[in-house]
Amino acid sequence: MPTMRAVLVKDGKGPVENLYVGETPVPTLKPQEVLVKVQAFALNRMDISQREGNYPPPPGVSEILGVEFSGRVSALGPGAAAGWQIGDEVLGLASGGAYAEYVAVPETQILRKLPQLSWIEAASVLEAFITAFQAVVLVGDIKEGDDVLIHAAASGVGIAAVQLARFYKARTVTATASTKEKLDWLLSLPAGATHVANYKQENFVDVTKAATGGKGVDLIVDMVGQGHFARNLEALAVDGRMTMLSLISGSEVPNLNLRPILFKRLRIQGSTLRSQSAEYKAGVFRSFSKLLQHLTGGDGPGLLRTYVHKVFPWTEIQEATRVMEADQNVGKIVVEII
């Protein structure tokens, strides 16, 4: 059986020191899958959770870490019929296996790489933008003139969500983050936040109320969970919506007053992508693909832009992961296979 190099985890799980580049079999293609030779892949917090044993991949999915990548199609599985050819340049989003020289992915979960994106930039796009698109547009049902609050806004998903809210003509976009440097950067983006709140030093409810003339926000995208939940209910306007993407601060909220949900007619919905069906993901990709023409790298002219914090060779995967674990990045961390 042919082998490839991949980032593996010693003992199957553990600390960052357990990451190493080793040999493993090349994936065997299932029907309607393509094999992509990976040029670069991006890091995501779910990778950390999986490595620690807290977020196992869905059944039947590679146990190799990583979900987003860029590369060239190198083989077509049985029944693959979406018009792909060997050598096509693509960016993709798998359910796992992207920290490797080769990744198998459903043919409906890759998009053609456009010339305005480098390999590095292309690898940084899909997990952030597809997740944010689902949260802001498909679940959050954003409307022109909405007031929007984005938590963890300096993360890859947060940056994408801020830009998408502006793209769909939100009236105000309030972004939260933990440092002045991150907040200043979010304000400086061409399609960045209109208002910001340092959640460690100020009450984001007060900021959103001031930004909206006391009305509150129509849509919240939250990845924090317990630590922000009660104040999110306070910040939401009547008929407000909240999309929950993660539970970074915890999943249990003690002594919560549920009255705002009832009397403000709030709609709260969780949103995940990795465990969704192939059919659902294909639909999301079809919807998002219409926006790809507007997307460039951070220095490009796009209405939507992907921002890369730093690029590491994959021989430095431990150091790249430490940067993410320490929450030092603004934008995506991308790893290049060398």
With distance as the sole test, does Glu144 use its side chain to make a donor-acceptor pair with the main-chain N or O of Ala170 at under 3.5 Å?
no
Hydrophobic clustering (ILVMFWY, side-chain heavy atoms < 4.5 Å, transitive) - are Phe41 and Met324 grouped together?
yes
State plainly whether the residues Arg241 and Asp141 are in salt-bridge range, i.e. N to O under 4.0 Å.
no
With a 4.5 Å limit on heavy-atom distance, are the side chains of Ile110 and Val34 in contact?
yes
Run the side-chain hydrogen bond (donor to acceptor under 3.5 Å, both in side chains) test on Lys182 and Asn198 for me, step by step, so that the C-alpha distance in whole Å, both residues' side-chain angles and the decisive distance to 0.1 Å come before the verdict.
CA-CA 9 Å; Lys182 290 179 179 181; Asn198 185 328; over 6 Å; no
Other residues, nucleotides, ligands: >12 heavy atoms within 6.0 Å of Asp299 CG
no
Count I, L, V, M, F, W, Y as connected when their side-chain heavy atoms are under 4.5 Å apart, and connections chain through other members. Are Met223 and Met244 then in the same cluster?
no
Evaluation steps, side-chain hydrogen bond (donor to acceptor under 3.5 Å, both in side chains), between Glu121 and Thr306
CA-CA 7 Å; Glu121 292 163 345; Thr306 183; over 6 Å; no
Could you check if a side-chain atom of Glu202 sits within less than 4.5 angstrom of a side-chain atom of Val207, using non-hydrogen atoms only?
yes
Should Arg45 and Asp327 count as an ion pair when the cut-off is N to O under 4.0 Å?
yes
If hydrophobic clusters are built from ILVMFWY residues whose side chains come within less than 4.5 Å, do Leu93 and Leu111 share one?
yes
May I ask you to decide if Gln226's main-chain N or O and Ser249's side chain share a donor-acceptor pair within less than 3.5 Å?
yes
With distance as the sole test, does Thr108 use its side chain to make a donor-acceptor pair with the main-chain N or O of Ala282 at under 3.5 Å?
no
Glu325/Thr321 under side-chain hydrogen bond (donor to acceptor under 3.5 Å, both in side chains): CA gap, chis, key distance, verdict:
CA-CA 6 Å; Glu325 288 183 332; Thr321 303; over 6 Å; no
Between Thr24 and Ala6, what is the shortest heavy-atom contact and its length?
CG2-CB, 3.8 Å
Looking at every heavy atom in both Leu149 and Ala235, which two are closest together, and how far apart are they?
CD2-CB, 4.4 Å
So does Asp218 get a backbone contact from the side chain of Asp147, meaning a donor-acceptor N/O pair under 3.5 Å?
no
Would you check if Val73 and Gln85 make a side-chain contact, meaning some heavy-atom pair closer than 4.5 Å?
no
When you look at Met242 and Phe229, which way does the side chain to side chain contact (heavy atoms under 4.5 Å, CB included) test go after all the steps?
CA-CA 10 Å; Met242 178 162 65; Phe229 196 87; 3.6 Å; yes
Okay, side chain of Asp146, backbone of Val148: is any donor-acceptor separation there less than 3.5 Å?
no
Side chains of Val173 and Ile150 in contact at under 4.5 Å (non-hydrogen atoms)
yes
Is any side-chain heavy atom of Asp47 less than 4.5 Å from a side-chain heavy atom of Asn44?
yes
Donor-acceptor pair, distance only, cut-off 3.5 Å: does the side chain of Arg166 make one with the backbone of Gln163?
no
Would you mind reporting whether Arg72 and Gln39 have side-chain heavy atoms less than 4.5 Å apart?
yes
Can you hop from Ile220 to Leu262 via hydrophobic side chains spaced under 4.5 Å?
no
Do Glu63 and Arg51 sit within salt-bridge range, that is, some charged N less than 4.0 Å from a carboxylate O?
no
Where the side chain of Asp11 meets the backbone of Lys13, is there a donor-acceptor pair that is under 3.5 Å apart?
no
Apply the test side chain to side chain contact (heavy atoms under 4.5 Å, CB included) to residues Ser124 and Glu68: give CA-CA distance (whole Å), side-chain angles for both, the deciding distance (0.1 Å), then the verdict.
CA-CA 7 Å; Ser124 73; Glu68 63 181 335; 5.6 Å; no
Run the side chain to side chain contact (heavy atoms under 4.5 Å, CB included) test on Leu233 and Ile268 for me, step by step, so that the C-alpha distance in whole Å, both residues' side-chain angles and the decisive distance to 0.1 Å come before the verdict.
CA-CA 10 Å; Leu233 300 186; Ile268 301 169; 3.8 Å; yes
List the steps, then state whether side chain to side chain contact (heavy atoms under 4.5 Å, CB included) holds for Leu295 with Val125.
CA-CA 9 Å; Leu295 203 149; Val125 169; 3.8 Å; yes
Given Gln134 and Ser271, is the side-chain hydrogen bond (donor to acceptor under 3.5 Å, both in side chains) satisfied, shown in steps?
CA-CA 8 Å; Gln134 184 179 224; Ser271 177; 3.1 Å; yes
Is the distance from the ring center of Tyr199 to that of His151 below 6.0 Å?
no
Look at the side chain of Thr172 and the backbone N and O of Ala211, then say whether any donor-acceptor pair between them is shorter than 3.5 Å.
no
Any side-chain heavy atom of Leu164 sitting closer than 4.5 Å to one from Phe133?
yes
Between Val335 and Ala320, the two heavy atoms sitting closest are CG2-CB, 4.1 Å
Treating Ile, Leu, Val, Met, Phe, Trp and Tyr as nodes and any side-chain heavy-atom pair under 4.5 angstrom as an edge, say whether Val221 and Val253 lie in one connected cluster.
no
For a 4.5 angstrom cut-off between non-hydrogen side-chain atoms, does Ile130 reach Leu273?
yes
Using the side-chain contact (heavy atoms from CB on, under 4.5 Å) definition, which of the options Val36, Leu35, Val26, Asp88 pairs with Ser74?
Leu35
Parallel, tilted or perpendicular: which fits the ring planes of Phe288 and Phe129, with parallel below 30° and perpendicular above 60°?
tilted
Does Arg5 use its side chain to pair, donor to acceptor, with the backbone of Ala100 at less than 3.5 Å?
no
Answer yes or no: does atom NZ of Lys310 have more than 12 heavy-atom neighbours from other residues, nucleotides or ligands under 6.0 Å?
no
Using a 6.0 Å distance limit plus a 45 degree cone around the ring axis, check whether Arg274 lies over the aromatic ring of Tyr55.
yes
Using only heavy-atom distances, determine whether the side chains of Thr243 and Gln269 contain a donor-acceptor pair under 3.5 Å.
no
Test of ring centre spacing under 6.0 Å for Tyr307 and Trp185
yes
Atom CD of Glu17 with >12 non-hydrogen neighbours under 6.0 angstrom:
yes
Can you name the one residue among Arg265, Arg267, Lys264 that meets side-chain hydrogen bond (donor to acceptor under 3.5 Å, both in side chains) with Asp239?
Arg265
Under a 3.5 Å threshold, yes or no: a donor from one side chain and an acceptor from the other, between Lys215 and Thr208?
no
Tell me if the NZ atom of Lys143 is crowded by more than 12 foreign heavy atoms within 6.0 Å.
yes
Donor-acceptor under 3.5 Å (His309 side chain, Val330 main chain)
yes
